[in-house]
Amino acid sequence: MKTKDYFKDFGKTVGILAVASVIAYFAKTIGDAMDPVVVMYIFAVMLISRFTNGYFWGILGSALGVILTNYMFTFPYLAINFSIEGYPLTFIIMLATAILTGALTSGYKQQKEEAEAIAKKLEASYEERLSFEKAAEQEKMRNNLLRAISHDLRTPLTGIKGAATILIENGSSMTSEDRKHTLNDIIQESDWLIRMVENLLTVTHISTDSMKVEKNEEIAEEIVASAVSHFNSLIPSGIEVRVPDELLLVPMDATLIEQVLINLLDNSLKHSGENPKITVELKADDNRALFSVEDNGVGISESEISYIFEYGKAQEESYRTDSARGFGIGLPTCKTLVEAHGGKIWANSKPTGGSIFSFYLPTKE
Ligand code: ADP
């Protein structure tokens, strides 16, 4: 124990005894009986044992208590007289009180310290686990994002190859207008590819401790329109687009969110049979922008909903055997991208048939 603590305990012992003596003095002047004096000192000894370290101060307190009783409160006053009847008994009771209280409090203190040490250990291991889980989760998200983007690099490449094949096979018989149109497709898809590669580079720079994407305020209607424009030529009846009256500004990485919408539209088209009827809706809701893609296709079951957003899960589950069976990368990609924006994505089946895929993005940082 430190010297400072010794002085503290000494001060407490003297202080408690002094206060006890004063109270005992007044008690004695009122009644002139011995009991309150002895009880007061026993109480003081208990307090000393409780508030000091170890047994020493309690035992010292009981010795001093006995001496003080003898010196101040028994005849002859202000003198020591060892021949008083019952004196050894008083001393033994005080001593026993000191030892018992000391033992109880030191046991209690030890238990408290042990409990505190265990609590600290538990807290440390909990924090360790939390940071481990966080790191694992970030690593998973990062990998998912990389896989997602790599997967979607394929789409424009297929478009470029298709357009180039048309040009090489039918180029000579095409009007110059058509040729220009096809070349423009190649340019557009290449632009998209360049953006994707830039995104890929950005993703590799995403810091490991925060899964962040580069966000800019974008007009959500424009992103929806741009995504829909990729499909209009594929759907004879066109895609119905519903947007709010007022422009909706949403912080996002436009390419990534367009990619989410394209994935959802692509799925709707794949699973909607002969006469696809697809509706894209954008709504403002408190601090969120709600996007949804609705179709009149085969719909989606509750059990499918539980796994289609997880990488690798779709292959594990027994897939329905329609021709649109795929690898199950699109939706997990969407989930990763939406969550990297602080949003959430989910799916519903319509009672009338078809499905609705929705996601929201926060409109405020
Ligand atoms: P992929 O299309 O490569 O299989 P996705 O992750 O995009 O991967 O989709 C996973 C599965 O979810 C699909 O195979 C399909 O069973 C189901 N699904 C997705 N979108 C729809 C939809 N609009 N209607 C019905 N089922 C869908």
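Atoms within each ligand, like the ligands themselves, are counted from 1 in listed order. Residue numbers count from 1 along this sequence.
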Phe309 to ligand 1, any heavy atom closer than 4.0 Å | no
Heavy-atom contacts with Glu304 under 4.0 Å: which atoms of ligand 1 show up? List them by number with element.
-> 16 (O)
Check Asp295 against ligand 1 and report side chain, backbone, both or neither, counting heavy atoms closer than 4.0 Å.
-> side chain
Does the pair Arg129/Glu133 count as a salt bridge with the N-to-O cut at 4.0 Å?
-> yes
Met174 vs His181 side-chain heavy atoms within contact, under 4.5 Å | no
Check ligand 1 against Phe357 and write out every atom of the ligand that is under 4.0 Å from a heavy-atom position of the residue.
-> 19 (C), 20 (N), 21 (C), 22 (C), 23 (N)
Go through the steps to decide whether Asn53 and Lys109 satisfy the test side chain to side chain contact (heavy atoms under 4.5 Å, CB included), and finish with yes or no.
-> CA-CA 9 Å; Asn53 291 300; Lys109 278 180 200 159; 3.9 Å; yes
Say whether Ser268 and ligand 1 are in contact under the criterion: heavy-atom distance to a ligand atom below 4.0 Å.
-> yes
For Val298 and ligand 1, does the shortest N/O to N/O distance drop below 3.5 Å?
-> no
Using a strict 4.0 Å cut-off to heavy atoms of Lys270, name the atoms of ligand 1 that fall inside it.
-> 1 (P), 2 (O)
If you link ILVMFWY side chains whenever their heavy atoms are less than 4.5 Å apart, which other residues fall into the same cluster as Ile219? By chain and number, please.
-> Leu247, Leu249
Are Tyr41 and Ser21 close enough that a side-chain donor and a side-chain acceptor fall under 3.5 Å?
-> yes
By number and element, which atoms of ligand 1 are closer than 4.0 Å to a non-hydrogen atom of Ser355?
-> 22 (C), 23 (N), 24 (N), 25 (C)
Flag yes if more than 12 heavy atoms outside Leu122 fall under 6.0 Å of its CG atom; otherwise flag no.
-> yes
Derivation of the side chain to side chain contact (heavy atoms under 4.5 Å, CB included) call for Lys120 and Glu116 = CA-CA 6 Å; Lys120 252 199 192 131; Glu116 276 169 4; over 6 Å; no
Measure the distances from the heavy atoms of Ser272 to every atom of ligand 1 and state whether one is below 4.0 angstrom.
-> no
